Number of protein chains: 4
Amino acid sequence: MGDLEKAARKAQEFRQREREILDAALALFLEHGEDRVTVEMIADQVGIGKGTIYKHFETKNEIYLLLMIRYEEDLAELFRSIDGEDDRERLPREYFSFRIQQPRRYQLFDRLENKVIKEQAVPELVDKLHTIRAKNLDSLVRTIEQGMKADTLEPVPPYYHIALAWALAHGAVGLMESPFYQKYIDDKEDFTDFLINVGIRMGNKGQRGRRDD
Amino acid sequence: MGDLEKAARKAQEFRQREREILDAALALFLEHGEDRVTVEMIADQVGIGKGTIYKHFETKNEIYLLLMIRYEEDLAELFRSIDGEDDRERLPREYFSFRIQQPRRYQLFDRLENKVIKEQAVPELVDKLHTIRAKNLDSLVRTIEQGMKADTLEPVPPYYHIALAWALAHGAVGLMESPFYQKYIDDKEDFTDFLINVGIRMGNKGQRGRRDD
Amino acid sequence: MGDLEKAARKAQEFRQREREILDAALALFLEHGEDRVTVEMIADQVGIGKGTIYKHFETKNEIYLLLMIRYEEDLAELFRSIDGEDDRERLPREYFSFRIQQPRRYQLFDRLENKVIKEQAVPELVDKLHTIRAKNLDSLVRTIEQGMKADTLEPVPPYYHIALAWALAHGAVGLMESPFYQKYIDDKEDFTDFLINVGIRMGNKGQRGRRDD
Amino acid sequence: MGDLEKAARKAQEFRQREREILDAALALFLEHGEDRVTVEMIADQVGIGKGTIYKHFETKNEIYLLLMIRYEEDLAELFRSIDGEDDRERLPREYFSFRIQQPRRYQLFDRLENKVIKEQAVPELVDKLHTIRAKNLDSLVRTIEQGMKADTLEPVPPYYHIALAWALAHGAVGLMESPFYQKYIDDKEDFTDFLINVGIRMGNKGQRGRRDD
DNA sequence: TATGAATGAGGCTTCATTCAT
DNA sequence: AATGAATGAAGCCTCATTCAT
């Protein structure tokens, strides 16, 4: 095996390790809350030394941000895969589903974002995150504008629709994770279904939000 | 002045100080995030010593919970003041407005609740909080059931409607506070109005969620 | 009632309160250990305010010392009441019994003395304590010297005998309070009896320490 | 040097540091009393940072217990080294000497044990301590039982003899450390000798406790 | 590159003592 | 004299980050 090959493999392994760390961190953050998870716990989970983590990431905050970026990139990937389809409802539906599917994860990211911005930490990565997100948003905006041209959506600024959906999604997540309200929801699946339907058609002209029709 | 009177005044002042501490704590939590606010900062803000705080509250967690309870009691007060009115839409509207009006506060409480429950701290107060909240919920449920009898609401379990509204409110809050999405909303007031309307009529039969009609 | 009488009664009540505080303090120290007992707890137990305690005693250390002095004075009282009797064994026996009877109390005082001396607190009271104790010791020494003249005790320095008895008493107390060794003693009374007998005759010439003869 | 060797050396050094911390802690506890010694003082004494202490021990209480266990293990070691010898008096004598030789240390441990048990701290280590001590006790019990078979000891339950010796040792320690009684003892060595002799023969049949015969 | 021991700033909490009423 | 609210020094412990090997 040549040196080049070796170096490539090494780089490969390094990337792989990075992914492992992020995966472990995410899992632990979700399970215990980011405040109760120490860098050492993450290292243990991956089976490496604490110092090694700092070979990959400068600070714990950077881990936070990379997780969030990864999430947003997955969303971008989803959008790319849908792009070009005819079904105009598909994109918002997928967006909505994606976000609502893993409530705790999104909730975590929301918390992290507020925290990281409050501390003004790692501004470059915050910028990167926002750039990706803006692109994703753009996809949505364009879809919505098409919907408005097709005269199926209320003629309000596009972001009203997005924001509405975002709000509902965000809220639905909060609801389903609320230790208190959880008790009141018997059939989670049915309720999720209900929410998604309302969410998607909420901004439609005419019979908005109607379910099962 | 009699001794009784004196004692009463002292008790009064003690209560007052308690309120001051909670107010200061809330203000600081909202401004810097609860993690960046130390007990000492709260004391400084009120202009008292660190130790004094602990004459009023056993732990920082207790401060968290008392703030949340206060909030929920304000809501209860609101419900009481409305009770007995004819306008069936009034209650949900007020609920929705109340929650959406002070986004950061609610968001803070949501974060705190998750944190406090995760740490299993001050369970008696958590119980108290949930009791009050359950009562508030009851008010809503009853109103909604009346709405369903009056055949203006979709015949799904009442909490579907509440949950929906909760979710939207929660989400709207998250949205309006999101450092990222904020940039996209030009006219906050108009948007809030839009959301509130959608929120209230979302679950209506027929022309749900329609605005200005 | 004249002013004098009133003043006298007041003084009387003041003394009484002082005694109450000391009693309460002792009880609490014995139950929870002096470190876990706050001045506030003592005040609550007596049913007075915390500040009042400081009208009677300058510091918590002073309370410690006054308790110890009271104890030593009780011992002096005991010696006085015996003085003049013929039975030469009576004094040591009473001394030994007195100390061994309330193990935890003595242990507490022992702990306190070390603590207070280490901190060099309230030296006047420490002196007072030692003066009283020296007097008590003197009573013992004289009794022992008489025993030696009567040729019933080993002719070693008198304090050897006292110290021996002290040591055994102290040790017996430690033993009976040791959470560990306690498990090994089935019949406490019988064992105490055994100890006391050994203690008294330990220094005798000839058949020393023999039991039941 | 191989990696294995390196790791071994590191582990070795880690152990060594642990010992250093315990030694420093013990020295400080003995000198100032455990309450006046802060974790930071221990760290300073060793010449390390405060946090490092917590890499080795979870709490200050754990340090207390490990010191006590170490002490008890030394005793066990002593017993092991004697085991099998013919001289039946050797074991109790060594036990007695061991305990009486370092009075302040034992006294410290006695205080610590009571404290730690009152706080119900680190129960696993308390158990471990008691297990070791029970084994040590067993050695003594067996020796004593042999003495009774040989008809040289009073036929009371074996633990009476142990307890007696324990009590005397404990008491002797308390005595020699008592800031008050200390003044009365001129020749410490002679007195210790006196005590040890009494201690060992105290329970003998016949001429018990006689010295130099 | 990987490691993990070491660091120390910083947080929460306790409680003896003071002092204005 | 009695009170108890207020104080703040001081202690224990956590953990992100550094750095020598």
Side-chain angles (χ1 to χ4, degrees), chain A residues 10 13-14 17 35-44 47-63, chain B residues 1 3 6-7 9-11 13-14 17-18 35-43 46-63, chain C residues 10-11 13-14 17 35-44 46-63, chain D residues 1 3 6-7 9-11 13-14 17-18 35-43 46-63:
Chain A
K10 270 227 163 164
E13 278 169 9
F14 194 78
R17 170 142 299 174
D35 285 344
R36 319 283 309 161
V37 175
T38 68
V39 174
E40 195 162 12
M41 281 169 74
I42 301 173
D44 286 351
I48 60 177
K50 200 183 345 177
T52 308
I53 301 238
Y54 283 87
K55 289 272 183 272
H56 292 267
F57 314 101
E58 303 245 324
T59 66
K60 203 185 178 190
N61 273 326
E62 189 175 323
I63 296 182
Chain B
M1 183 164 38
D3 277 4
K6 247 190 226 161
R9 173 190 295 224
K10 267 215 166 169
E13 279 169 12
F14 195 79
R17 171 132 300 172
E18 191 161 313
D35 286 342
R36 319 279 313 158
V37 174
T38 71
V39 173
E40 198 161 11
M41 280 170 72
I42 300 173
V46 182
I48 60 179
K50 202 185 345 174
T52 307
I53 302 257
Y54 286 89
K55 281 271 183 276
H56 293 267
F57 314 101
E58 303 241 324
T59 65
K60 202 185 177 192
N61 273 326
E62 188 175 324
I63 296 182
Chain C
K10 269 224 163 164
E13 279 170 8
F14 195 77
R17 169 142 300 173
D35 286 343
R36 319 283 308 162
V37 174
T38 68
V39 174
E40 193 162 12
M41 280 169 75
I42 301 172
D44 286 351
V46 182
I48 60 177
K50 199 185 342 179
T52 308
I53 302 239
Y54 283 87
K55 288 275 182 268
H56 291 266
F57 315 100
E58 302 245 324
T59 66
K60 202 185 179 190
N61 273 327
E62 189 176 324
I63 295 182
Chain D
M1 185 164 40
D3 277 3
K6 248 190 225 161
R9 170 189 296 226
K10 268 217 166 170
E13 280 169 10
F14 195 78
R17 170 131 299 174
E18 191 161 313
D35 286 343
R36 320 278 313 156
V37 174
T38 69
V39 173
E40 198 162 10
M41 280 169 74
I42 301 173
V46 182
I48 59 177
K50 198 184 352 172
T52 307
I53 303 257
Y54 286 90
K55 281 271 182 276
H56 293 266
F57 315 101
E58 303 241 325
T59 65
K60 203 185 176 190
N61 274 326
E62 188 175 325
I63 295 182

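Numbers restart at 1 for each chain; the letters A, B, ... are given by sequence-line order, proteins then strands. All figures in this text were calculated on a predicted structure; none of them were measured in a lab. FYI, side chains are in, hydrogens and waters are out, and symmetry mates aren't considered; it's all heavy atoms of this structure.
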Notebook entry, point to check: What's the CD1-C1' distance between B:I63 and E:dG11, to the nearest Å?
Noted result: 14 Å
Check: Which ones in residues 50-61 of chain C lie close to DNA chain F, meaning a heavy atom under 4.0 Å from one of its atoms?
Finding: C:K50, C:G51, C:T52, C:K55
Next item on the list: Find which nucleotide of DNA chain F each of A:D35 and C:G47 is nearest to by heavy atoms, and output the residue with the more 5' nucleotide.
Entry: C:G47
Check: In Å, rounded to the nearest 0.5 Å, how long is the span from CD1 of A:I53 to CD1 of A:I63?
Finding: 5.5 Å
Item checked: B:R9 side, atom CZ; B:E13 side, atom CD - distance, nearest 0.5 Å -> 6.5 Å
Item checked: Integer-rounded Å distance: F:dT14 P and D:E62 CD -> 11 Å
Note to self: Ignoring hydrogens, what is the shortest heavy-atom contact between C:Y54 and C:T59? Give both atom names and the distance.
What the structure shows: CE2-CA, 4.2 Å
Checklist line | Whole-Å distance separating the CZ atom of B:F14 from the P atom of F:dA6 | finding: 6 Å
Check: Tell me, which pairs form a salt bridge (Lys or Arg N to Asp or Glu O under 4.0 Å) where one or both residues lie in residues 48-60 of chain D, sequence neighbours left out?
Finding: none
Checklist line | Over all atoms of both residues, closest heavy-atom pair of D:E62 and D:F57 | finding: OE2-CA, 3.9 Å
Margin query: Pairing check on E:dA9: which nucleotide meets the Watson-Crick or G-U wobble criteria with it, both distances under 3.5 Å?
Written below: F:dT14
Check: Could you give the CZ-to-C1' distance, from C:R36 to E:dA16, as a whole number of Å?
Finding: 15 Å
Margin query: Once rounded to the nearest 0.5 Å, what's the spacing between atom OG1 of B:T52 and atom CD of B:E18?
Written below: 13.0 Å
Note to self: What is the distance, to the nearest angstrom, from the NZ atom on A:K10 to the P atom on E:dT1?
What the structure shows: 8 Å
Check: Rounded to the nearest Å, what distance is computed from the CD atom of residue D:E13 to the P atom of nucleotide E:dT3?
Finding: 19 Å
Checklist line | Under 3.5 Å on both distances, the Watson-Crick or G-U partner of E:dC19 | finding: F:dG4
Margin query: If you assign each of A:E40 and C:V39 to its closest nucleotide in DNA chain E, which residue comes earlier from the 5' end?
Written below: A:E40
Checklist line | Whole-Å gap separating P (E:dA16) and CG (C:D44) | finding: 13 Å
Next item on the list: Check the distance between E:dA20's P and B:R9's CZ and give it to me in whole angstrom.
Entry: 18 Å
Item checked: Atom of B:M41, atom of B:V37 and distance for their closest heavy-atom approach -> SD-CA, 3.8 Å
